[in-house]
Amino acid sequence: MRFMVIVKATEDSEKGAMPSQDMLEAMGAYNEELVKAGVMLDGDGLRPSSYGARVRFDDEGNASVIDGPFTETKELVSGYWVFEVSSKEEAVEWARKAPFRGGELEIRPFSVPEDFGEAFTPELQEKENELREINAQRQA
């Protein structure tokens with residue numbers, strides 16, 4: 001099962017404060033442990049919301065753009081990991097080992113084809129698989 005582990009933003013991360021060398025070393029060691037265990041598929045940090053934008057759609061599909069920064073820090077993301085594990089409980093156990101002092105992680109499973117029911121037809125699944133193959137080839 002794949003899970004996204006979302007690192008929630010803090011006031012410091014939204015101010016653009018960079019981690020100390022000690023924290024970078026601890027995160028590097030943690031990431032190395034995740035990779036060696038075959039758990040970490042991806043992960044990265046994000047710049048503060050002042051560098052970002054939101055695209056909001058109305059009921060007719062019209063898009064409007066709102067530039068950052070955004071005010072609700074508790075609703076923002078400052079980084080993420082993608083874990084491949086056997087259960088939510090295993091994802092939680094790995095997340096508990098993160099070398100944070102303060103802050104919060106949110107753990108959410110990725111959707112799987114079965115979640116979409118009959119609407120996700122075999123033809124749509126085939127097209128999705130083709131797109132994933134194209135992306136995999138680009139990253140190779």
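From a predicted model like this one, the values you see are computed outputs, not experimental measurements. Values below: every heavy atom of this structure, side chains too, minus hydrogens, waters and symmetry copies.
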Would you give the length of the straight line joining atom [atom1] of [X] to atom [atom2] of [Y], rounded to the nearest 0.5 angstrom?
{"X": "Thr10", "Y": "Glu104", "atom1": "OG1", "atom2": "CD", "answer": "11.5 Å"}
{"X": "Met18", "Y": "Ser20", "atom1": "CE", "atom2": "OG", "answer": "12.0 Å"}
{"X": "Glu126", "Y": "Leu131", "atom1": "CD", "atom2": "CG", "answer": "11.0 Å"}
{"X": "Glu75", "Y": "Ser49", "atom1": "CD", "atom2": "OG", "answer": "11.0 Å"}
{"X": "Ile66", "Y": "Arg56", "atom1": "CD1", "atom2": "CZ", "answer": "4.0 Å"}
{"X": "Glu14", "Y": "Ser78", "atom1": "CD", "atom2": "OG", "answer": "8.0 Å"}

Worked verdict on Phe100 versus Val7 for side-chain contact (heavy atoms from CB on, under 4.5 Å): CA-CA 10 Å; Phe100 293 132; Val7 180; 4.2 Å; yes
When hydrophobic residues are tied together by side-chain contacts of less than 4.5 Å, even through go-betweens, does [X] share a cluster with [Y]?
{"X": "Leu76", "Y": "Leu46", "result": "no"}
{"X": "Leu24", "Y": "Leu34", "result": "no"}
{"X": "Met4", "Y": "Met40", "result": "no"}
{"X": "Leu105", "Y": "Leu41", "result": "no"}
{"X": "Met1", "Y": "Val39", "result": "yes"}

Polar side-chain atom of Asn31 near backbone of Gly28 as donor-acceptor pair, under 3.5 Å: no
Exercise: identify the closest heavy-atom pair between Phe3 and Val85: CD1-CG2, 3.7 Å
Verdict with reasoning, Val82 to Tyr80, per side-chain contact (heavy atoms from CB on, under 4.5 Å): CA-CA 7 Å; Val82 177; Tyr80 71 94; 4.1 Å; yes
Answer yes or no: is there a side-chain heavy-atom contact under 4.5 Å between [X] and [Y]?
{"X": "Leu124", "Y": "Glu128", "answer": "no"}
{"X": "Trp94", "Y": "Glu33", "answer": "yes"}
{"X": "Pro99", "Y": "Met27", "answer": "yes"}

Phe110, CZ atom: more than 12 neighbouring heavy atoms under 6.0 Å: yes
Neighbour count >12 (heavy atoms, 6.0 Å) for atom CD, Glu130: yes
Which residues share a side-chain hydrogen bond (donor to acceptor under 3.5 Å, both in side chains) with Arg54, sequence neighbours left out: none
Ionic contact status for Lys36 with Glu32, cut-off 4.0 Å: yes
Side-chain H-bond candidate by donor/acceptor type, Gln137 with Glu133, under 3.5 Å: no
Criterion ring pair (Phe, Tyr, Trp, His ring centres under 6.0 Å) on Trp81 and Tyr30, from CA distance to verdict: CA-CA 11 Å; Trp81 288 278; Tyr30 177 64; 5.4 Å; yes
With sequence neighbours excluded, residues passing ring pair (Phe, Tyr, Trp, His ring centres under 6.0 Å) with Phe120: Phe116
